[in-house]
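This one's a predicted model, so the numbers in the text were calculated from it and none came from an experiment. As the structure lists them, so they are numbered: ligands from 1, and atoms in each ligand from 1. For this chain, numbers begin at 1 and follow the sequence in order.
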Amino acid sequence: MENEEKHPQSALETDFLVLLYYCFTPIEDPETFREEHHIWCLAHHLKGRIIVASEGINGTISGLRVDCEAYMQYVKSYSRFKDIDFKVETTQAHTFEKMHVRIKDEIVHSGLTHIKPWERTGKHLEPAEFKQMKGQDDVILVDFRSTYEHSVGHFKGAVTLDIENFRDFPEKMEELSKFKDKKIITYCTGGIKCEKASAFLLEQGFENVYQLHGGIIKYGIEEGGEDFEGKCYVFDNRVAVDVNKVNPKIVSTCFVCGTLSDRMVNCANPICNNHIPICENCGWQKDGACSAECKVHPEKRAYDGTGYYQKTPNGYNPYIGLVRKRPDNF
Ligand SMILES: [Zn+2]
Ligand SMILES: [Zn+2]
């Protein structure tokens, strides 16, 4: 076709993908693995955040489709990661500014280092199975994300926990004890928290524990997100994404004026950095701040209408760990 000749570069070649993934599996030498992995990612122009620990890998990265596809093949070429599940979304550009590959004690901070999900965890439900089960009488959905996340979006009827960080959830177990005779389905953004949370529930004596495999994101991609009300908070510069293409609904209100709004922003005052919904109008009026005090804070960041701010690097150097050889002619 004439059109194709004028535009030889197909959409596929300029498409970007966002990959969200994790895998719990023992890694004997995380430092060596981290370095190899980091070098590979830099060589393939990928950006994002990857955490490596002796219990596995957890990452969100963006890159050109061709690079992301090569990455998925590369990761799956390790036998320990052969069952890794990638959530793949398309986008128009990188959703991160830099490539970070870091070593941590856990791939998701729970404080429960003794829990090994590859040994025992809640039964995985694929999105289609979850869709079937979620409305049944003896089923309780439990959201294991933090308050700033579930307040902007959650499954209809889900039990939520008022926690600032995932690691605080064990303190809230008392609130769940009344559901011990029910079927519990845990869910979170991409599934990783549920690997530990559902294992913890089993340890606490809950017997019928299930988890939404791949989390809200995979359920949105594969099943259209039915009954997810509001938006799903994500950890890249998109801030929050739509999940539900079936029966969407806004559940959050503007922090400033109280009208229905699902525009998630971070407060422009870095010391506050409140994660909140602020409507378009209030965003501009308050210059991205959540209060009058934050608006005049000396360190307030410039508001560009998105409410997303680059994290300060804290001395992180993406080239640390890379062996740089000085060329002979210098
Ligand atoms: Zn408002
Ligand atoms: Zn603020």
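- Between Glu223 and Lys134 no salt bridge is recorded (no basic side-chain N to carboxylate O distance below 4.0 Å).
- For a distance threshold of 2.8 Å, the protein N, O or S atoms nearer than that to the Zn ion (ligand 2), listed by chain and number, are Cys267 SG, Cys272 SG, Cys290 SG, Cys294 SG.
- Residue pairs that meet the salt bridge (charged side-chain N to carboxylate O under 4.0 Å, His left out) test with at least one member in residues 159-170, sequence neighbours left out, do not exist here.
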Let me see the working for Glu28 and Arg80 under salt bridge (Lys or Arg N to Asp or Glu O under 4.0 Å), right down to the final yes or no.
CA-CA 11 Å; Glu28 304 75 35; Arg80 64 161 85 92; 3.5 Å; yes
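- The aromatic rings of Tyr71 and Phe86 sit perpendicular, their planes meeting at an angle over 60°, well past the 30° parallel limit.
- Within 6.0 Å of NZ on Lys249 lie no more than 12 heavy atoms contributed by other residues, nucleotides or ligands.
- Glu207 CD: 12 or fewer foreign heavy atoms inside a 6.0 Å radius.
- The ring pair (Phe, Tyr, Trp, His ring centres under 6.0 Å) pairs that include a residue from residues 122-141 are His124-His213, Phe130-Phe155, Phe130-Tyr219, where partners are two or more places apart or lie in different chains.
- In this structure, Phe81 has its ring center under 6.0 Å from that of Phe33.
- Between Phe16 and His94, the distance separating the two ring centers is shorter than 6.0 angstrom.
- Only protein N, O or S atoms were considered, and those under 2.8 Å from the Zn ion (ligand 1) are Cys254 SG, Cys257 SG, Cys279 SG, Cys282 SG.
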